[in-house]
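Down below is the structure, laid out as structure tokens.
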There are 2 protein chains.
Amino acid sequence: MECLTEEHIKQRAKVLFFTTGILDASTQEIADFAGVNRTLVNYYFRSKKNLFHIVYTEIITEMRTNFAAIYVSNVTFREKVEALIDYTTEFRETYPFLEIFNIQETSKLNNRLETVLRPTCMEETGFFLKEIEEEMKKGTIPAYEPINFLINLMSLISFPIVMKPIFREIFCISTEEQYQRIYNQRKEMVMTILFNNVNQ
Amino acid sequence: MECLTEEHIKQRAKVLFFTTGILDASTQEIADFAGVNRTLVNYYFRSKKNLFHIVYTEIITEMRTNFAAIYVSNVTFREKVEALIDYTTEFRETYPFLEIFNIQETSKLNNRLETVLRPTCMEETGFFLKEIEEEMKKGTIPAYEPINFLINLMSLISFPIVMKPIFREIFCISTEEQYQRIYNQRKEMVMTILFNNVNQ
DNA sequence: ACTCCGTTTGACAATATTGTCAACAAAAGT
DNA sequence: ACTTTTGTTGACAATATTGTCAAACGGAGT
């Protein structure tokens, strides 16, 4: 018999932290957001730090698994890149504040996150980087440091999502529809950019 | 007779907040970092919020001014883009955590930052966007929503800087030199990407 | 020497936030 | 019916952080 409340608090905490972006939420806020008594947060997770760590690890693990699966999947290179774009988009839209937290944490000296992030540095990434290198030799994509291909991909997809509220401010994009129109043409555009400005 | 301490606290706060990335620094931490008594922070700036707001506004204003100057400067389009890349790089390397803070704040409902960010939405940007549109018609750069050109530029330059510690983790880039090697080829690469994959 | 001024300090009170605990409620097992 | 376990609550103590204030300091001007 699983405890519903425990899972419920976890799910709501995920949303509060990484979707809504209240990274410094107090236990009271977390409890309110989950609609439970504050003490329950401590009852199930001992401390706020612990809850945060659990929630964070879960999301990172999920992400890592999905990326790894794409890296080694049995499809063409181009299809892999498309899958990466799609998944990155979906993931970033779900948890736009995860990276924000990552960056802040990594900056702090006393970060124990290394242990969580470190295994991201996995063989699947290496495998895919080799594939990128081959494509560069074939001339399918421009030849640079292979890592820069991935950095470009991440940057062109993630940044606009994470920065959405900022971009809307500085470019005076008043309606959500306007931003969507601008954003919708990005996937195709990014594919074109990555693949040597050659369509299909 | 200017007060040195006031300016000194402000400068150190800038570094602590937006370079080191301790956005949630306590007044004690700020004071320690500036090497002064904690009470002085309140003496000169009334409250922590106020200090933060002053510091933040100063940086934003500086950035805005510089961007605007580039947008309307009397050089070729290509040179403007180069100047934008250079300044963005320099600025982000100086204050990598400014955007992080922006994003977090914009997410909070009670943000008074609008008033600071809003004027970023200035005529100079509009002017440059028109210039981008013309270049697209000329075929110098790929034709998309003009804003996407700027978004691409910002993304390709800013994201790798802001994400540097993360990228080093997930790509296992152990030494600073390694990252520099990868990063150094980016400016030229970004120019090539933006200008239709055509060199010069 | 004295006074005035801006500057600096330590001590204080107000507040917020944390984790714990003992008591209570509800469900499950006997 | 009872006991045991699990879940839930309010109250509490410990801690951290804030802003204020009165007092001390130090130099410039008289």
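Worth saying up front: this structure is predicted, and the values here are computed from it rather than measured.
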Between [X] ([atom1]) and [N] ([atom2]), how many Å, whole number?
X	N	atom1	atom2	answer
Gln28(B)	dA16(D)	CD	P	12 Å
Asp24(A)	dA16(D)	CG	C1'	15 Å
Ile30(A)	dG19(C)	CD1	C1'	13 Å
Asn50(B)	dG19(D)	CG	C1'	13 Å
Leu4(B)	dG6(C)	CG	P	16 Å
Lys49(A)	dA16(D)	NZ	P	12 Å
Asn42(B)	dA14(C)	CG	P	17 Å
Leu51(A)	dG19(C)	CG	P	10 Å

* Assess the side chains of Glu58(A) and Thr61(A): does a donor N or O sit below 3.5 Å from an acceptor N or O? => no
With a non-hydrogen cut-off below 4.0 angstrom, is [X] in contact with a base, only sugar-phosphate, or nothing?
X	value
Ser47(B)	sugar-phosphate
Tyr43(B)	base
Phe45(B)	nothing

* Would you kindly compare Leu40(B) and Ala25(A) by the position of their nearest DNA chain C nucleotide and give the one closer to the 5′ end? => Leu40(B)
* Between Arg38(B) and Glu6(B), who's closer to the 5' end of DNA chain C by nearest nucleotide? -> Glu6(B)
* **Distance-only donor-acceptor test (3.5 Å): side chain Thr39(B), base dG10(C)** => yes
* Lys137(B) and Glu134(B) ion-paired at < 4.0 Å -> no
* NZ/NE/NH1/NH2 to OD/OE distance under 4.0 Å, Glu135(A) and Lys138(A) -> yes
* For residues Tyr183(B) and Tyr144(A), establish whether the separation of their ring centroids is below 6.0 Å. => no
* Asked: Of the candidate nucleotides dG19(C), dT8(D), dT7(C), which contains the atom at the shortest distance from the side chain of Lys48(A)?
  -> dG19(C)
Does [N] have its OP1 or OP2 closer than 4.0 Å to a side-chain nitrogen or oxygen of [X]?
X	N	result
Thr27(A)	dT17(C)	no
Asn37(A)	dT8(D)	no
Thr5(B)	dT7(C)	no

* In a check of ring pair (Phe, Tyr, Trp, His ring centres under 6.0 Å) between Phe101(A) and each of Phe17(A), Tyr95(A), Tyr56(A), which one passes? -> Tyr56(A)
